[in-house]
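Nothing fancy with the numbering, it's 1 onward along the sequence.
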Amino acid sequence: MEVRELKDRSDIRLLNKLINMYHKMGNNPGLSRCRYFVGIVEEDGIEYWVCGAVLQTPEAFAPIFRKHNIDSKRSYFLRRVCRFVPKACGNVLVEFLEKLAEKLRSEGKECIVTLGLDDHSNALYKKAGFIEVGTTTTGKPVFVKRLH
């Protein structure tokens, strides 16, 4: 799998549409300071987007970053991650998150932070090497993947 950052506005709009279709919480395409990534597999010379993610700079989540001593200038908040293929295609999200972490590590980033879902096992984050470090003031689990 290749992890590719999207820069073209039409690609970003398509990713937002896919996330709205496949993620139970949808996505807010109006968020500022975001980076957009897709996981791509190639078969018979054709590229397929199998999953995607939206990373946001952490200004809106500053209390979480401060509480867990995370350098917000060198980290990202994982806003959404979602697969676009059936589970039968394998656990593409774990591989995607691992490769995304490698990409960010090579840029000198420190952490990826995300919130777990209340009604979910959050196994994806655990399998991808995220550690549960606590909860928010509303009780949502906070997961961190340290990159260094």
List the atom of N122, the atom of P141, and the distance in Å for their closest heavy-atom pair. ND2-CG, 3.9 Å
Check the hydrophobic clustering (I, L, V, M, F, W, Y; side-chain heavy atoms under 4.5 Å; chains of links allowed) and say if V133 and L124 are grouped together. no
Are the side chains of V41 and V92 in contact, using a 4.5 Å heavy-atom criterion? no
If you look at every heavy atom in L15 and A53, which pair is closest and at what distance? CD2-O, 3.9 Å
How many angstroms lie between CG in L100 and CG in L147, if you round to the nearest 0.5 Å? 9.0 Å
Taking ring pair (Phe, Tyr, Trp, His ring centres under 6.0 Å) as the cut-off, I'd like each qualifying pair that reaches into residues 122-148, sequence neighbours left out, listed once. Y125-F130, Y125-F143
For S75 and P58, the nearest pair of non-hydrogen atoms, with its separation, is O-CD, 3.6 Å
Measure the shortest side-chain to side-chain distance between C51 and M1 over non-hydrogen atoms and say whether it is less than 4.5 angstrom. yes
Residues that R13 engages under side-chain contact (heavy atoms from CB on, under 4.5 Å), provided they are two or more places apart: R9, S10
Going by side-chain contact (heavy atoms from CB on, under 4.5 Å), name the residues that satisfy it together with E59, two or more places apart in sequence or in a different chain. R33, T57
Going by salt bridge (Lys or Arg N to Asp or Glu O under 4.0 Å), name the pairs with one or both residues in residues 92-108, residues two or more places apart or in two chains. R35-E107, E95-K99, E102-R105
With sequence neighbours left out, write down each residue that passes ring-ring contact (aromatic ring centres under 6.0 Å, His included) with F61, or none if nothing qualifies. F77
Given 3.5 Å as the limit, does a donor-acceptor pair link the side chain of K126 with the main chain of S121, or not? yes
For residues 36-49, the salt bridge (Lys or Arg N to Asp or Glu O under 4.0 Å) pairs (sequence neighbours left out) are R4-E47
How close do C111 and R146 get, heavy atom to heavy atom, and via which atoms? SG-NH1, 3.3 Å
Among the clusters formed by ILVMFWY side chains lying less than 4.5 Å apart, do L115 and V81 turn up in the same one? no
Partners of S106 by side-chain contact (heavy atoms from CB on, under 4.5 Å), sequence neighbours excluded? none
Within the structure provided, determine whether L14 and L6 are in side-chain contact (heavy-atom separation under 4.5 Å). no
Only counting residues at least two apart or in another chain, list the ones meeting side-chain contact (heavy atoms from CB on, under 4.5 Å) with T135. none
Taking the side chain as everything from C-beta on, heavy atoms only, tell me whether E132 gets closer than 4.5 Å to V142. no
Minimum side-chain heavy-atom gap V38-D11 below 4.5 Å: no
Under the salt bridge (Lys or Arg N to Asp or Glu O under 4.0 Å) test, which residues partner K73, sequence neighbours left out? none
Just to verify, what does F65 make a ring-ring contact (aromatic ring centres under 6.0 Å, His included) with, not counting sequence neighbours? none
Reported CE-to-CG distance for the pair M21 and N16, which is rounded to 0.5 angstrom: 13.0 Å
Do Y76 and K109 have side chains that approach each other closer than 4.5 Å (heavy atoms only, starting at C-beta)? yes
According to a 4.5 Å side-chain heavy-atom criterion applied to Ile, Leu, Val, Met, Phe, Trp and Tyr, with indirect links allowed, do V94 and V50 form part of one hydrophobic cluster? yes
Minimum heavy-atom distance between E110 and N69, given as atom pair plus value: OE2-O, 4.5 Å
The reported gap from CZ in R83 to CG in L18 (rounded to nearest 0.5 angstrom) is 13.5 Å
Within the structure provided, determine whether Y48 and F84 are in side-chain contact (heavy-atom separation under 4.5 Å). no
So, do I131 and V144 sit near enough that their side-chain heavy atoms are less than 4.5 Å apart? no
Cluster question for you: counting only ILVMFWY and a side-chain heavy-atom cut-off of under 4.5 Å, with indirect links fine, are I64 and L104 together? no
What residues form a salt bridge (Lys or Arg N to Asp or Glu O under 4.0 Å) with R66, not counting sequence neighbours? none
Only one of V54, V113, L55 passes side chain to side chain contact (heavy atoms under 4.5 Å, CB included) with L78; say which it is. L55
Surrounding NZ of K67 (heavy atoms of other residues, nucleotides or ligands, distance under 6.0 Å), is the total greater than 12? yes
